[in-house]
Amino acid sequence: MVTIPRIVTGEPPEWLTAHTARNMHEIGPSPATRREWHEAGLALPDVDRMRTERLARVRAELQATGCDAAILYDPLNIRYAVDTTNMSIWTMHNDVRFVTVNSVGPVIAYEYSNGEFLSLHNGCIDEVRPARSCHPFYTGDRLEEVVATWADETLAAIRPHAVSGGLRVAIDRLTLPCIRALEARGAELVFAQPLMERARLIKTADEIAAMRLACHSCDLIVAEMREALRPGMTEVELWSLLHVGNWERFGEWVETRLLASGERTNPWYQEASSKIIRDGELLAFDTDLVGAYGMCVDISRTWLCGDGAESPAQRDIYARAVDSVESNIDLFRPGVSYREITEALVYPSVEEFNGYTVMAHGVGLCDEYPSIYNRESWADHGYDGVIEVGNIISVEAFVGRRDGGEGVKLEQQILVTDSGPELLSHAPLGLT
């Protein structure tokens with residue numbers, strides 16, 4: 001077996017130490033962004049404490065499910081477990097970096113392409129090693145050989161710390177050759193995503209602080225978009241402002257391109273295009289942005305383009321969407337079951353109106369567990385659970401008549417507290 005050189009974080013080479021202070025996370029938000037937050041009375045999270053508490057939650061889930069370790073490839077699971085990033089969008093479809101979290105042992109980050117220095121700022125990581133890439137793009141016809149070496153090396157770092165009496169390993173996203181190689185070496189594999197979703201379900205105090213910052217920045221960006229909206233601009237011109245504003249405010253990416261105008265708003269899910277937004281049309285969008293500290297802000301707004309008055313049809317569907325969102329927000333209280341919420345949901349008739357995929361869902365580093373479906377979908381998709389303090393939820397509605405015309409998309413983000421839902425998204429509702 002070929003041994004990959006190790007880089008221990010406690011004693012990194014001098015040439016790598018110099019890179020630590022250049023890390024994006026260490027540099028942090030710009031002075032202008034910090035000033036916006038300060039003026040809003042918002043405090044920064046304690047990032048080191050947030051990392052430590054997240055890792056503890058992952059380890060608690062591993063121990064509760066009898067797992068000796070987790071091998072995490074999903075960039076969002078890596079971000080949650082150890083708060084380290086490297087080309088997150090690209091590594092969502094290229095399996096070239098991962099971390100192993102032992103339930104009672106060290107955390108090892110396996111970094112891509114000489115990027116070991118990217119994790120040296122992080123006190124949750126005990127060791128950094130170069131990653132062996134098991135992707136055909138890199139291995140060519142040597143895939144079987146590389147996968148075998150990868151499996152030997154990865155399990156060799158887990159076995160000494162196993163406490164289950166066997167070798168029970170949680171995996172989130174592995175290719176079939178890697179799965180077979182681990183199983184051939186005696187590993188019992190468990191799907192990691194359910195336990196990671198459970199770990200991510202209750203937000204820590206610092207995650208909530210980070211989410212408040214991300215939501216405030218998103219509110220400011222939405223205000224900039226509203227100010228810029230003019231008849232004659234294209235959908236993508238307006239959509240680009242969301243990206244620019246997010247990047248400027250310590251954000252990271254936007255997950256979708258859901259912005260549409262006029263009759264493209266119904267049914268929902270048209271992507272932003274070169275269509276010109278015309279006077280008197282509705283313009284609707286869904287932010288889906290991953291903002292400051294990696295926190296997702298998922299809100300939707302619908303506006304009337306131009307200075308005219310809305311039509312009766314526009315006013316009607318907007319009122320229905322507002323009634324749905326505002327009525328349903330109040331359902332999210334500690335101890336209420338998902339089934340109880342489903343039974344009490346307010347939304348227009350599905351026979352007359354197009355609706356949205358879900359009525360509400362969790363939010364953290366992305367759209368997360370749980371998903372709340374409408375009553376008509378319960379038999380096929382619904383599942384039960386209980387709302388808890390510390391859940392962050394996006395409550396949404398889409399309303400568009402099935403016989404045609406425009407549609408309205410609205411969504412608000414809330415924090416579940418002891419006394420009920422607290423609104424986190426404050427960009428004004430209203431067509432004008």
Checklist entry - Is E281 paired with R264 through a side-chain N to carboxylate O contact shorter than 4.0 Å? => result no

Item to check | Heavy-atom check, side chain of E235 versus side chain of F285, under 4.5 Å | outcome: no

Checklist entry - Would you say T84 and H25 make side-chain contact, with heavy atoms under 4.5 Å? => result no

Next on the checklist: Looking only at side-chain N and O atoms, does T265 offer a donor or acceptor that is under 3.5 Å from a partner on E406?
Outcome noted: no

Next on the checklist: Taking the side chain as everything from C-beta on, heavy atoms only, tell me whether R79 gets closer than 4.5 Å to D83.
Outcome noted: yes

Checklist entry - Roughly how far, to the nearest 0.5 Å, is the CZ atom of F332 from the CD1 atom of I414? => result 6.0 Å

Item to check | N354 side chain to N266 side chain, donor-acceptor N/O pair below 3.5 angstrom | outcome: yes

Next on the checklist: I want to check something: taking the side chain as every heavy atom from C-beta on, are E127 and P106 in contact at a cut-off of under 4.5 Å?
Outcome noted: no

Checklist entry - Under 3.5 Å, side chain of T287 to main-chain N/O of I299, donor-acceptor pair present? => result yes

Got a list of side-chain donor-acceptor pairs under 3.5 Å for residues 423-432, not counting sequence neighbours?
from	atom 1	to	atom 2	distance (Å)
S425	OG	Q412	OE1	2.7
S425	OG	Q413	N	2.9
H426	NE2	L423	O	3.2

Checklist entry - Tell me, do S324 and V395 make a side-chain contact under 4.5 Å, heavy atoms counted? => result no

Checklist outcome for this item: For P370 and I393, the nearest pair of non-hydrogen atoms, with its separation, is CD-CD1, 4.3 Å

Next on the checklist: Strictly by side chain to side chain donor-acceptor pair (under 3.5 Å), give each pair with a member in residues 186-198 just once, sequence neighbours left out.
Outcome noted: E61-R198, N77-Q193, R168-E188, Q193-E197

Item to check | Atom pair CG/CD1 of L167 and I158 - distance to nearest 0.5 Å | outcome: 6.5 Å

Item to check | Over all atoms of both residues, closest heavy-atom pair of E340 and G335 | outcome: OE1-O, 4.3 Å

Next on the checklist: Is it the case that the side chain of Y80 and the backbone of A199 share a donor-acceptor pair, with hydrogens and angles ignored and the cut-off at 3.5 Å?
Outcome noted: yes

Item to check | Note, E368 side chain near I392 side chain (heavy atom, < 4.5 Å) | outcome: no

Checklist outcome for this item: Taken to the nearest 0.5 Å, the spacing of I208 CD1 from L213 CG works out to 12.0 Å

Item to check | Backbone N/O of V416 and side chain of R333: donor-acceptor pair under 3.5 Å | outcome: no

Next on the checklist: For a 4.5 angstrom cut-off between non-hydrogen side-chain atoms, does K203 reach M211?
Outcome noted: no

Checklist entry - Between R57 and E53, is there a donor-acceptor pair closer than 3.5 Å when you use the side chain of the first and the backbone of the second? => result no

Checklist entry - Which class fits the ring pair Y110 and F98: parallel under 30°, tilted 30 to 60°, perpendicular over 60°? => result parallel

Checklist entry - Hey, mind stepping through I277 and T234 against side chain to side chain contact (heavy atoms under 4.5 Å, CB included) and telling me if it holds? => result CA-CA 6 Å; I277 307 169; T234 66; over 6 Å; no

Checklist outcome for this item: Heavy-atom nearest pair, N102 first then A69, reads OD1-CB, 3.6 Å

Item to check | Exam field: side chain D172 to backbone D74, donor-acceptor pair closer than 3.5 Å | outcome: yes

Item to check | Between Y383 and Y369, ring centroids under 6.0 Å | outcome: yes

Item to check | Side-chain donor-acceptor contact under 3.5 Å, S377 with D380 | outcome: no

Next on the checklist: For H38, I'd like to know if atom NE2 has over 12 heavy atoms of other residues, nucleotides or ligands within 6.0 Å.
Outcome noted: no

Checklist outcome for this item: Taken to the nearest 0.5 Å, the spacing of L143 CG from S133 OG works out to 11.5 Å

Checklist entry - Yes or no on side chain to side chain contact (heavy atoms under 4.5 Å, CB included) for W37 and S217, after CA distance, side-chain angles and deciding distance? => result CA-CA 8 Å; W37 294 339; S217 290; 3.0 Å; yes

Next on the checklist: For the CH2 atom of W239 and the CG atom of L258, what is their distance to the nearest 0.5 Å?
Outcome noted: 6.5 Å

Checklist entry - Is there a donor-acceptor contact under 3.5 Å from the side chain of R34 to the main chain of P29? => result yes

Checklist entry - Please walk me through it: do Y356 and Y269 pass ring pair (Phe, Tyr, Trp, His ring centres under 6.0 Å)? => result CA-CA 9 Å; Y356 194 64; Y269 284 121; 5.6 Å; yes

Item to check | Close side-chain approach of V244 and E224, heavy atoms under 4.5 Å | outcome: no

Checklist entry - D126 side chain to I108 main-chain N or O, any donor-acceptor pair under 3.5 Å? => result no

Next on the checklist: Under 3.5 Å, is there a donor on one side chain and an acceptor on the other for S119 and E111?
Outcome noted: yes

Next on the checklist: side chain to side chain contact (heavy atoms under 4.5 Å, CB included) for R49 and T204? Distances and angles first, verdict last.
Outcome noted: CA-CA 10 Å; R49 182 174 61 196; T204 69; over 6 Å; no

Checklist entry - So which heavy atom on N328 is nearest to which on A344, and how close? => result OD1-O, 4.5 Å

Checklist outcome for this item: Correct closest heavy-atom pair for L283 and S261 would be CD2-CB, 3.9 Å

Checklist entry - What closest approach, in Å, do L242 and L289 show between heavy atoms, and which atom pair accounts for it? => result CD1-CD2, 3.7 Å

Checklist entry - When you look at S88 and E252, which way does the side-chain hydrogen bond (donor to acceptor under 3.5 Å, both in side chains) test go after all the steps? => result CA-CA 9 Å; S88 296; E252 301 190 14; 5.1 Å; no

Checklist outcome for this item: Rounding to 0.5 Å, atoms CG (L118) and CE (M87) come to a distance of 8.5 Å

Item to check | CA sep, side-chain torsions, deciding dist, call: R59, V101, side chain to side chain contact (heavy atoms under 4.5 Å, CB included) | outcome: CA-CA 8 Å; R59 282 188 160 138; V101 179; 4.1 Å; yes

Item to check | Sidechain-backbone polar pair: T33 side chain, E248 backbone, donor-acceptor under 3.5 Å | outcome: yes

Checklist entry - Between R173 and M92, is there a donor-acceptor pair closer than 3.5 Å when you use the side chain of the first and the backbone of the second? => result yes

Next on the checklist: Tell me if the CD atom of E144 is crowded by more than 12 foreign heavy atoms within 6.0 Å.
Outcome noted: no

Checklist entry - Going by the angle between their ring planes, with limits at 30° and 60°, are W90 and Y112 parallel, tilted or perpendicular? => result tilted

Checklist entry - So, S394 side chain and D298 main chain: donor-acceptor pair closer than 3.5 Å or not? => result yes

